[in-house]
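Quantities reported herein were computed from a predicted structural model and do not represent experimental measurements. Whatever order the structure lists ligands and atoms in, that order sets their numbers, starting from 1. Reckoned from all heavy atoms, side chains included, excluding hydrogens, waters and symmetry mates.
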Amino acid sequence: MSDYRPMGQFGIGQPIKRFEDVRLVRGEGRFHDDVNLSGQAHAVIVRSIHAHARMLAIDAARARRAPGVLAVFTGSDVAHLGTMKMLLKRKRPDGSPMFAPPHRGLTRERARYVGDPVAMVVAETLAQAEDAAEWVRIDYEPLPSVTSTAEAVGGPPVWDECPDNVSNVHEVGDRAATEAAFARAARVVRRRYVITRVHAQYMEARGAVGAWDPGEQRYTLHADVQYPHRVRTALATNILNVPEHQIRVIAGDVGGGFGTKGWQYPEHRLVLWAARRLGRPVKWRCERREAIPADEHARDNVTDAELALDADGRFLALRVRTLANVGAYVSSDRNLLATFSNVATLVGVYTFPAAHVQVTSVLTNTNSTAPYRGAGRPEATYVIERLIDDAARELGVDAVDLRRTNLVPASAMPYKTATGVTYDCGDFPAQMEAALKLGDVAGFPARREAARRRGRLRGLGIANAIERAAGPQPEFAEIRFAPSGSATVFMGTKNQGQGHETTFKQILHERLGLDPGDVRYIDGDTDRVAFGMGSMGSRSTVIGGTALWTAADKVIAKGRKIAAKMLEAAEADITFANGAFSVVGTDRALPLQDVARAAFQPGSLPRGVEPGLYETGTFSPLSDTWPNGCHVCEVEIDPETGAVALVAYVVADDVGTVINPVTLKGQIHGGVAQGVGQALMEQIVYDPDSGQLLTASFMDYALPRADTLPEMVIESHPVPTKLNPLGAKGAGEAGTVGALPVVMNAVLDALAPLGVRHLDMPASAERVWNAIRDARRG
Ligand code: MCN
């Protein structure tokens with residue numbers, strides 16, 4: 001940050017309300033369903049009603065004759081299209097290559113989960129397509145299915161080619177050192193944790209509009225995706241086999257993505273292919289009732305975790321064996337992301353001399369799993385933070401003291417973990433002490449006693465969270481000035497509700513002093529933005545923000561030359577601060593926008609300086625950032641009904657430099673809500689015998705409501721990272737990472753006096769009530 005000076009009103013750290021909200025709350029956003037192209041037809045996907053079935057015949061004759069129907073396509077029509085490719089190289093337990101069958105868009109011969117796309121009906125209107133879809137007759141021969149993670153290995157084969165249902169095995173850490181540590185441990189604590197299958201439940205269900213321009217020989221896809229450029233690459237190189245410039249992907253406003261709206265869904269290729277085939281744009285819109293059957297799901301692990309301790313309560317080693325349910329298809333690396341982003345932070349914020357982790361990805365008759373807020377990191381934190389609480393109870397020690405004994409001290413930074421990653425900075429003990437104070441943990445016994453007098457069981461939970469964010473992948477930004485001096489910013493990241501317009505305008509204001517009103521913000525269009533990796537893994541602020549900072553540095557460098565001529569001074573004597581170039585030691589200054597205007601007037605330019613002012617920045621960090629924090633919450637349980645009320649929630653967090661405390665808090669609030677939802681009520685449930693999806697709508701899939709969450713107190717204690725000039729770490733997933741374990745720890749703490757030793761999520765009233773009853777029965 002060479003010329004860095006904190007800017008006022010709109011700069012970094014200012015609690016600005018989101019600029020984009022004005023148009024969004026007025027209903028002036030432009031989401032995928034707002035896209036209606038001239039002459040468009042409507043598509044409906046016919047999905048398998050069976051978890052596993054042979055498809056003996058498809059009779060679409062009657063559907064094709066139905067009013068308004070333009071076409072009915074089945075798997076054989078799209079069999080020539082390509083599929084996604086895996087880049088990850090993994091092996092099965094016997095050393096053979098991993099078994100990763102991609103989805104082909106429409107399945108042929110076999111349907112492998114309830115919701116598997118089987119046919120597509122295209123008609124003049126949506127109603128006609130829906131009516132005709134009812135007439136597509138599929139002769140199914142149901143087959144035995146398996147949906148449960150724990151029963152996948154040895155269950156009915158999802159694919160005949162993979163009889164044991166094991167897709168691949170992934171190992172991290174030092175097996176021998178871990179075995180040795182367990183052999184000499186004074187105590188070993190073992191637990192099994194089940195992490196449920198959930199759905200992202202964005203406000204806006206997915207959708208896509210495909211168009212083909214015969215004159216330009218180009219496809220255009222309008223879709224709510226998180227990384228339009230990578231979707232374009234995938235469509236061009238894997239699916240449609242055309243040069244990348246023959247595809248344009250446009251993502252307008254996106255009503256939530258949470259990791260699940262990435263990459264390449266079957267419907268993307270289907271609407272593009274059908275649009276070309278029919279010579280008309282084709283629109284598909286996912287109905288809310290279709291979302292759980294149609295979308296990728298998340299989490300769904302069964303983990304056996306073992307903690308080895310010495311006689312003083314110091315952690316010696318961690319051994320983890322996880323079964324990760326990856327569903328019926330493994331189309332791209334993304335479907336395995338949670339199985340490797342999970343392992344690094346299983347050791348949490350603690351010193352572990354040794355660790356060994358083995359993740360076995362198993363195939364089942366369920367939707368593919370994919371990233372969802374945290375993508376493996378909430379699961380990891382859940383395992384270590386619950387295991388510590390369980391260990392404390394088993395050993396009869398205080399859970400906070402056990403954590404204190406084992407926290408990585410700030411003096412140990414950078415710290416290399418036994419799982420092979422390096423935490424560059426952070427002060428974990430300080431975060432925990434701050435959270436304990438913020439949550440008035442000292443006053444908890446009195447609150448517990450008061451609750452007891454009211455007939456309630458009160459519990460306190462603590463969880464230290466850490467996550468890998470903003471890994472080393474490039475991101476792009478461009479600043480283009482117009483001849484009149486206003487600017488447009490083009491970002492390769494994609495806003496899905498995080499407040500990117502505000503965040504990036506703040507960063508730009510900080511560096512260039514530009515008034516946000518003089519800047520237009522654009523993202524999500526592969527024709528307008530040169531390059532982008534998109535938004536996931538809490539990377540946009542860190543990597544996109546630094547790319548923007550880099551582009552701004554180039555604007556200053558060129559502007560300095562122009563200003564030198566305009567101010568009749570030597571370039572070396574020109575400084576830039578607070579949005580203006582000035583001559584050192586004088587009061588002669590020029591605002592950036594005057595210099596930008598001059599850049600378009602060749603007569604104003606020094607010799608050799610190219611006219612115009614448009615600069616790009618591409619940044620790729622050397623390493624991940626490690627946002628961390630401590631969550632403390634309290635619950636009260638009604639022992640008569642088992643109902644859990646979350647009554648207090650505090651977070652002390654470190655996301656490095658905070659760009660905007662308001663949007664950051666929004667991120668933590670939203671992230672916590674999603675973690676609380678999973679801990680207390682959300683769950684995708686399949687019937688174990690038939691493999692039927694039992695929770696396909698909001699009648700069966702419970703979501704947290706406003707009154708589920710108490711007032712949250714969030715305090716930032718930044719330890720800025722040196723990995724980027726902003727000092728920022730990722731923040732978009734941090735809330736969820738801590739919320740999953742802290743809520744369950746609080747529930748178990750409340751139930752412990754009754755003798756309840758174990759409970760898996762979700763801590764619904766029914767489960768809690770049963771646990772209380774079982775404990776009372778002894
Ligand atoms: N921020 C900040 N200071 C920092 C870091 C972030 O003030 N040091 C604030 C900024 O306002 C920034 C926001 O937090 O815009 C999120 O920043 P970042 O951590 O860079 O995350 P991304 O923008 O890359 O978003 C991805 C992340 C992920 S991975 C999921 S999942 C998720 C999340 O963001 N999905 C979301 N938050 C979401 N929020 C909404 N509304 N919708 C989603 O789909």
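Around ligand 1, the residues contributing at least one heavy atom under 4.0 Å from the ligand are G256, G257, F258, G259, R373, Q496, G497, Q498, H500, T503, M536, G537, S538, R539, S540, T541, V655, T657, V658, I659, N660, T663, L664, Q667, A728, K729, G730, A731, G732, E733.
Annotation: the span from H669 atom NE2 to Q674 atom CD amounts to 13.5 Å, rounded to 0.5 Å.
Between the side chains of T541 and T503, no donor-acceptor pair is found at a separation under 3.5 Å. Side-chain contact of E475 with S540: a donor-acceptor pair under 3.5 Å is absent, judged by distance alone.
The only member of D424, D653, D654, D624 that meets salt bridge (Lys or Arg N to Asp or Glu O under 4.0 Å) when paired with K729 is D654.
Put simply, the side chain of R468 reaches to within 4.5 Å of the side chain of W626, judged on heavy atoms.
Evaluation of the side chain to side chain contact (heavy atoms under 4.5 Å, CB included) rule for T417 yields V347, Y415, T419, V421, Y423 as partners, not counting sequence neighbours.
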